[in-house]
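Beneath this line is the structure, given in structure tokens, with notes to follow.
Hydrogens, waters and symmetry mates play no part in the numbers below; they use all other heavy atoms, side chains included. Start at 1 and go down the list; that is how both ligands and their atoms are numbered.
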Amino acid sequence: MYSDIKKNIERISATLPDGVTLIAVSKYHPAEAIEAAYAVGQRHFGESKAQDLRVKEQQLPRDIRWHFIGHLQSNKIKYIAPYIHLIHSIDSLRLLQEVDRQAAKIPRTIDCLLQIHIAQEETKFGLTPAECLAMLDEGSWRSLAHVRICGLMCMGSNTDDTNQIRNEFHAVKELFDEIRNKYFTAKESFSILSAGMSDDYPIAIQEGSTHIRIGSDIFGPPQKG
Ligand SMILES: *Cc1c(COP(=O)(O)O)cnc(C)c1O
């Protein structure tokens with residue numbers, strides 16, 4: 001079963017253009033599955049539960065780059081702040097301020113993405129484009145010395161309508177360009193567009209994604225636990 005992981009990573013990696021980073025989403029999969037991916041050179045992994053991540057981080061090699069992709073509760077930031085490589089799921093100024101506060105205690109600077117709500121579904125988290133622009137306009141994020149906003153993250157709608165998915169990714173790329181030009185000119189660090197999962201990553205890459213988050217296409221369906 002773990003031999004499939006190697007094949008899947010090699011198959012997906014072979015299709016990726018230069019400059020696109022593959023994040024292997026290992027949520028609900030055991031450390032052994034991560035080790036199988038690590039053995040073929042995979043270093044970026046995504047997790048969505050702070051407590052699970054804390055356990056895995058302690059068991060697994062130090063040079064793994066951990067991405068936090070799930071809904072982040074303020075009281076769980078402390079579990080990931082010391083080592084997290086990138087938080088994809090900032091959806092309020094309050095959360096960003098709280099990450100800054102925890103990062104200052106260590107001290108380190110934590111790279112973050114603003115999660116944009118673009119899909120049709122009601123249940124998905126994130127800032128609407130208008131909320132995101134309002135937050136950046138308000139300006140107090142500029143004084144947070146221990147977080148760095150490096151780009152945007154989004155999830156496409158869960159639908160077979162590929163036109164709709166393409167339109168959503170396209171809209172987020174336009175928002176990304178607008179935000180970069182307006183608030184991050186001359187900042188090389190604002191460079192990450194995290195979009196695309198197992199079912200839609202080829203479309204996301206065509207529309208400008210730089211970081212794809214692939215779970216089931218690498219590890220199989222999530223295991224219970
Ligand atoms: C689970 C998850 C993924 C991976 O989804 P797959 O469809 O299994 O590739 C990507 N992004 C987020 C935010 C997730 O929660």
Going by the order shown, which atoms of ligand 1 are within less than 4.0 Å of some heavy atom of Arg213? 4 (C), 9 (O), 10 (C), 11 (N), 12 (C), 13 (C)
For Ile214, take its heavy atoms, then give the atoms of ligand 1 lying under 4.0 Å from any of them. 9 (O)
Nearest protein heavy atom to atom 5 (O) of ligand 1, by residue and atom, and its distance? Met197 CE, 3.5 Å
Which protein heavy atom lies closest to atom 13 (C) of ligand 1, and at what distance to 0.1 Å? Ile69 O, 3.5 Å
Counting only heavy atoms not in Arg142, do more than 12 fall under 6.0 Å of its CZ? yes
How does Lys27 reach ligand 1, by side chain, by backbone, by both or by neither, if only non-hydrogen atoms under 4.0 Å count? side chain
Counting only heavy atoms, which portion of Ser48 has something under 4.0 Å from ligand 1: side chain, backbone, both, or neither? neither
Quick check: Tyr79 with Trp66 (ring centres under 6.0 Å apart)? no
Is Ile149 close to Ile179 at the side-chain level, that is, under 4.5 Å between some pair of heavy atoms? no
Any non-hydrogen side-chain atom of His71 less than 4.5 Å from a side-chain atom of Asp91? yes
Looking at Ala195, is its backbone amide N or carbonyl O close enough to the side chain of Ser209 to form a donor-acceptor pair, meaning the two atoms are under 3.5 Å apart? yes
Using a plain distance cutoff, I'd like to know if [X] has any nitrogen or oxygen under 3.5 Å from a nitrogen or oxygen of ligand 1.
X: Asp217; answer: no
X: Met153; answer: no
X: Asp199; answer: no

ring-ring contact (aromatic ring centres under 6.0 Å, His included) contacts in which one or both residues fall within residues 161-182, not counting sequence neighbours: Phe176-Phe190
Name all pairs fulfilling the salt bridge (Lys or Arg N to Asp or Glu O under 4.0 Å) condition that reach into residues 57-70, sequence neighbours left out, sorted by first residue then second. Arg43-Asp63, Glu57-Arg62
